[in-house]
Amino acid sequence: MQFTMSRKVVRSSKFRHVFGQAVKADQCYDDIRISQMTWDSNFCSVNPKFVAMIVDASGGGAFMVLPLSKTGRIDMSYPTVCGHTGPVLDIEFCPHNDNIIASGSEDCSVMIWEIPEGGLTSPLTDPVVKLEGHSKRVGILSWHPTAHNVLMSAGCDNVVILWNVARGDAVVRIDTVHTDLIYSACWNRDGSWILTSCKDKTLRVLDPRKGTVLYEKEKPHEGSRPVRAVFVSDGKILSTGFSRMSERQVALWDPKNFGEALTLQELDTSSGVLLPFFDPDTGVVYLCGKGDSSIRYFEVTDEAPYVHYLSMYSSKESQKGMGYMPKRGLEVNKCEIARFYKLHERKCEPIVMTVPRKSDLFQEDLYPDTVGPEPSAEADEWFEGKEAPPNLISLKDGFVATTKAKEFKVHKSLLKTTTASAGNQHDSSGEVQSLRKEVKDLKEALEELTTRVKELESKH
């Protein structure tokens, strides 16, 4: 084979022309008083049904949950989720049930809430479950990506707890690893590793079930301001932080070879912490600075320098927080590859990231099979060591939920289903009932469809 030397001036990439666009004013959520708390979490969580935002609450803590379709001005009297006795610091929707959301608060507790279909009609003060185990405020929450009802929380007591939410149990407590404030904590794609960044200037990869450190890196960034880190493809790690001169940096690491960064790039001298959002389907990482008015995005690839700057979405107003829509909530027919929900002081504004394409056909290369809402293990199985690779779905026809929303069961009914699945109790009445209900639902759906077909046939 002969190689001709040709200098590629521009790296070819289908994401080179991705552009961000804010939706029209009437598609925003207006007149919402976003929380003024100084805390570096997203303050916003979204899924295909709802958008949730932490709001200002006098004496206590509250967040608002709106159906996605409820755009426009939100009335001052719109009900909130307000059961915490101190400010809410982080919220996150459950990836396996769009009506379940977790919140962590300055009151040291974590609460799990069930949002009714169509949103709240009155204030919600009673959680489905209250998780108590932290001795200081709880500022970081992250649901396990593939195991059902497993939640990680990290508090200002420097402790990470993994909860079996349905039983209300703190199953794993990691309390001797972090010597200072935990800045970020997240899972890898199948939830077999946890990654934390900490004020003690160390990045750590942990075995979640044992709570032991697998890999660690001291001083990934020289500066003393907060570091954030996420897993990207192939087990690599992307971190954001600051140099000694307070310049903002982004770096890529291979934890199995943590000595040298694969790349370390300086971005600018702004002071806001950069929140990274990584999309494994496209390899694009979006960096949203708290207090910035822009979103920068990069493509992470296997070829040096590994993290390639693509472009920047800029606007006039700074962001107080940012929600990130799961892939299954995007409009694939518009070649939308990401949608952010940007929090301003008094509103929430969706921002759509699009790859320009001429064709209206489904763009297979932009939408490989992606993580769906079905978990691949129950909490008990996962804690006992079951691996849980993600259950993937195709977005080809626009994702339509194929499962009835699973009812969120706590304690006794959960014990019933887990023993039934363990096979020691074949005639568990709970299981039989749920199967009967499923058959009934299917029959009803079939009848509806049959009558609809008849109607349509009679028209033609």
Side-chain angles (χ1 to χ4, degrees), residues 39-42 90 139-142 144-145 152-162 172-267 271-278 280 283 285-290 296 298 300 305-307:
W39 184 252
D40 288 324
S41 71
N42 301 354
D90 198 12
I140 298 170
L141 295 176
S142 181
H144 191 290
M152 163 165 60
S153 64
C156 295
D157 47 10
N158 311 341
V159 174
V160 173
I161 298 179
L162 304 189
V172 177
R173 189 181 166 92
I174 305 173
D175 51 12
T176 55
V177 170
H178 302 93
T179 60
D180 208 333
L181 185 69
I182 299 166
Y183 284 140
S184 70
C186 65
W187 303 89
N188 64 349
R189 191 173 153 110
D190 67 356
S192 56
W193 286 358
I194 285 171
L195 169 62
T196 63
S197 62
C198 178
K199 197 172 179 176
D200 63 14
K201 295 198 173 176
T202 309
L203 279 185
R204 295 179 178 88
V205 175
L206 308 174
D207 176 322
R209 298 183 188 91
K210 296 186 185 131
T212 52
V213 177
L214 300 173
Y215 308 102
E216 60 184 359
K217 171 67 186 170
E218 279 186 46
K219 286 208 179 166
H221 300 271
E222 294 282 340
S224 51
R225 289 188 50 69
V227 168
R228 287 282 165 141
V230 291
F231 282 108
V232 294
S233 304
D234 307 327
K236 293 193 175 62
I237 289 169
L238 182 129
S239 64
T240 64
F242 295 80
S243 73
R244 232 188 228 119
M245 308 296 294
S246 295
E247 293 159 304
R248 289 201 291 197
Q249 298 176 321
V250 59
L252 189 71
W253 309 89
D254 176 357
K256 296 190 167 86
N257 189 1
F258 241 152
E260 279 293 304
L262 293 166
T263 181
L264 177 75
Q265 302 172 24
E266 306 219 301
L267 299 175
S271 60
V273 174
L274 287 165
L275 311 177
F277 297 90
F278 178 69
V285 66
Y286 303 86
L287 302 185
C288 305
K290 209 134 191 218
R296 282 191 180 79
F298 300 77
V300 182
Y306 307 109
V307 179

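We're numbering straight along the sequence, starting at 1.
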Open item on the list: Walk me through whether H178 and R204 qualify under side chain to side chain contact (heavy atoms under 4.5 Å, CB included).
Closed with: CA-CA 9 Å; H178 302 93; R204 295 179 178 88; 3.5 Å; yes
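- The shortest side-chain heavy-atom distance between F242 and R248 falls under the 4.5 Å cut-off.
- Inter-residue side-chain proximity for F278 and S233 is flagged as met; some heavy-atom pair is nearer than 4.5 Å.
- The minimum heavy-atom distance between P208 and L162, with the atom names listed, is O-CD1, 3.2 Å.
- To the nearest 0.5 Å, atoms CG (D207) and OG1 (T212) are separated by 4.5 Å.
- Of the possible donor and acceptor atoms, one in the side chain of S197 sits under 3.5 Å from a partner among the backbone N and O of S184.
- For K199, the NZ atom is loosely surrounded, since the number of other residues' heavy atoms within 6.0 Å does not exceed 12.
- Between L195 and N188 there is no side-chain heavy-atom pair separated by less than 4.5 Å.
- Applying the side chain to side chain donor-acceptor pair (under 3.5 Å) criterion to D254, with sequence neighbours excluded, gives no partner residue.
- Between the side chain of R225 and the backbone N or O of S271, at least one donor-acceptor pair lies under 3.5 Å.
- The closest side-chain heavy-atom distance from Y183 to V273 is not below 4.5 Å.
- A distance of 9.0 Å separates CG of L275 from CG of L287, quoted to the nearest 0.5 Å.
- Distance alone, capped at 3.5 Å, is enough to place a donor-acceptor pair between the D90 side chain and the L141 backbone.
- In this structure, CZ in F258 is found 9.0 Å from CD in E216, a value given to the nearest 0.5 Å.
- The side-chain heavy atoms of V285 and V250, taken from C-beta on, include no pair separated by under 4.5 Å.
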TODO: Check the pair T196, I174 against side chain to side chain contact (heavy atoms under 4.5 Å, CB included), reporting the backbone distance first and the verdict last.
DONE: CA-CA 12 Å; T196 63; I174 305 173; over 6 Å; no
Task: Worked check of side chain to side chain contact (heavy atoms under 4.5 Å, CB included) between Y306 and V300 - done: CA-CA 5 Å; Y306 307 109; V300 182; 5.5 Å; no
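- The SG atom of C198 lies 10.0 Å from the CG atom of L203; values are rounded to the nearest 0.5 Å.
- Ring centroid separation for the pair W253 and Y215 does not come in under the 6.0 Å cut-off.
- T263 places no side-chain N or O within 3.5 Å of a backbone atom of V307 that could act as its donor or acceptor partner.
- Rounded to the nearest 0.5 angstrom, T176 OG1 and N158 CG are separated by 11.5 Å.
- Remark: the backbone N or O of K236 is not paired with any side-chain donor or acceptor of D234 at under 3.5 angstrom.
- The shortest non-hydrogen separation linking R228 to S41 is NH2-N, 4.3 Å.
- The closest donor-acceptor contact from the side chain of S192 to the backbone of D190 lies at 3.5 Å or more, if one exists at all.
- To the nearest 0.5 Å, the span separating CG on L252 from CD1 on I237 amounts to 9.0 Å.
- Results of the side chain to side chain contact (heavy atoms under 4.5 Å, CB included) test with M152 over I140, V160, I161 single out V160 as the only residue that passes.
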TODO: Check the pair L264 / H221 against side chain to side chain contact (heavy atoms under 4.5 Å, CB included), numbers first and verdict last.
DONE: CA-CA 9 Å; L264 177 75; H221 300 271; 3.9 Å; yes
